[in-house]
Amino acid sequence: MTWLPFSLLFLGVLSLYSAASADNSGIKKMKMQFRVFEEYTQALYQRYPDIRIEGENFLPLPLYRHIASFLSMFKLALIGLIIIGKDPFALCGMQAPGFWVWSQENKIYACMMVFFFSNMIENQCMSTGAFEITLNDVPVWSKLESGHLPSMQQLVQILENEMKMNVHMDTLPHHRS
């Protein structure tokens, strides 16, 4: 019975470690946003062949990364307990609830439910919905602020306005003070 708090502490520390080490490894992105990025990239390369386009992941808040990492470790431990058939409630001196009895009778379904349900929550924690566009390190569009993606016409118009403004600023005489 004393191993349960230590195993929970171990899972917590392990999840914090894996969340901290995952900061540089990238974030799962929805395929739709990646597809949109690819479509926009191809269209912009056709229109502006000299422009350099880069895509990167927008990290969620550290709290959400830690929650997702903890859920990942908890999911693996729970699936392991279901497969082994070890009753964690008996270790605490409690009677096993009905869902645990059902999971022992239907191990494959229970493992699949735990796996898919926890993955759904992990993906929600890791998804930011960000689609941020900058030109020369100046933000020109933010999906987080606007709530939607720009249309291709909007994006082209924004880029043309920014490029005209940059060309106009470059042609102004520089005054020395």
Side-chain angles (χ1 to χ4, degrees), residues 11-79 99 108-177:
L11 276 175
V13 169
L14 190 61
S15 68
L16 288 175
Y17 171 75
S18 63
S21 64
D23 286 350
N24 297 328
S25 66
I27 304 300
K28 299 174 189 172
K29 293 181 77 174
M30 292 188 338
K31 288 183 181 180
M32 189 273 307
Q33 286 188 347
F34 182 73
R35 194 175 327 126
V36 169
F37 174 75
E38 289 295 320
E39 290 172 3
Y40 280 29
T41 300
Q42 289 175 358
L44 290 174
Y45 272 139
Q46 289 174 355
R47 190 169 182 104
Y48 307 105
D50 295 334
I51 198 169
R52 188 182 80 196
I53 300 173
E54 297 175 350
E56 62 185 58
N57 292 317
F58 194 84
L59 291 175
L61 296 174
L63 174 66
Y64 293 130
R65 290 194 310 258
H66 294 303
I67 290 171
S69 181
F70 175 77
L71 279 174
S72 179
M73 296 297 151
F74 184 72
K75 165 185 62 180
L76 294 176
L78 188 57
I79 289 173
F99 73 86
I108 293 175
Y109 293 127
C111 289
M112 287 175 50
M113 284 178 52
V114 167
F115 181 79
F116 289 118
F117 185 69
S118 66
N119 279 351
M120 180 183 67
I121 296 172
E122 289 172 43
N123 284 334
Q124 285 297 317
C125 288
M126 296 302 286
S127 176
T128 60
F131 197 86
E132 312 297 298
I133 301 170
T134 60
L135 180 64
N136 297 330
D137 296 327
V138 177
V140 294
W141 186 271
S142 172
K143 182 182 172 203
L144 295 176
E145 291 177 11
S146 67
H148 66 283
L149 291 171
S151 68
M152 191 48 135
Q153 294 84 8
Q154 284 177 315
L155 182 56
V156 168
Q157 185 65 40
I158 290 169
L159 291 177
E160 285 180 0
N161 290 342
E162 288 291 324
M163 288 181 182
K164 285 178 188 175
M165 199 159 139
N166 286 342
V167 168
H168 178 68
M169 294 301 285
D170 289 341
T171 60
L172 291 176
H174 297 289
H175 297 289
R176 292 187 183 180
S177 325

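All heavy atoms count here, side chains included; hydrogens, waters and symmetry mates do not.
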Taking all non-hydrogen atoms of both residues, which atom of [X] and which atom of [Y] are closest, and how far apart?
{"X": "L144", "Y": "T128", "result": "CD2-O, 3.4 Å"}
{"X": "P60", "Y": "R65", "result": "O-NH1, 2.7 Å"}
{"X": "M152", "Y": "A43", "result": "CE-CB, 2.7 Å"}
{"X": "Q154", "Y": "L149", "result": "OE1-O, 4.3 Å"}
{"X": "C125", "Y": "Y64", "result": "O-CB, 3.3 Å"}

I need the [X] [atom1] to [Y] [atom2] distance, nearest 0.5 Å.
{"X": "S72", "Y": "I121", "atom1": "OG", "atom2": "CD1", "value": "12.5 Å"}
{"X": "I133", "Y": "L159", "atom1": "CD1", "atom2": "CG", "value": "7.0 Å"}
{"X": "N119", "Y": "M126", "atom1": "CG", "atom2": "CE", "value": "12.0 Å"}
{"X": "L78", "Y": "K75", "atom1": "CG", "atom2": "NZ", "value": "11.0 Å"}
{"X": "H148", "Y": "W141", "atom1": "NE2", "atom2": "CH2", "value": "3.5 Å"}

Taking ring pair (Phe, Tyr, Trp, His ring centres under 6.0 Å) as the test, write out the residues that go with Y40, two or more places apart. F131
Can you tell if the side chain of F115 reaches within under 4.5 Å of the side chain of I79, non-hydrogen atoms only? yes
Got a donor-acceptor contact below 3.5 angstrom from the S146 side chain to the S142 backbone?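 Present.
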Has Y45 got more than 12 heavy atoms of other residues, nucleotides or ligands less than 6.0 Å from its OH? yes
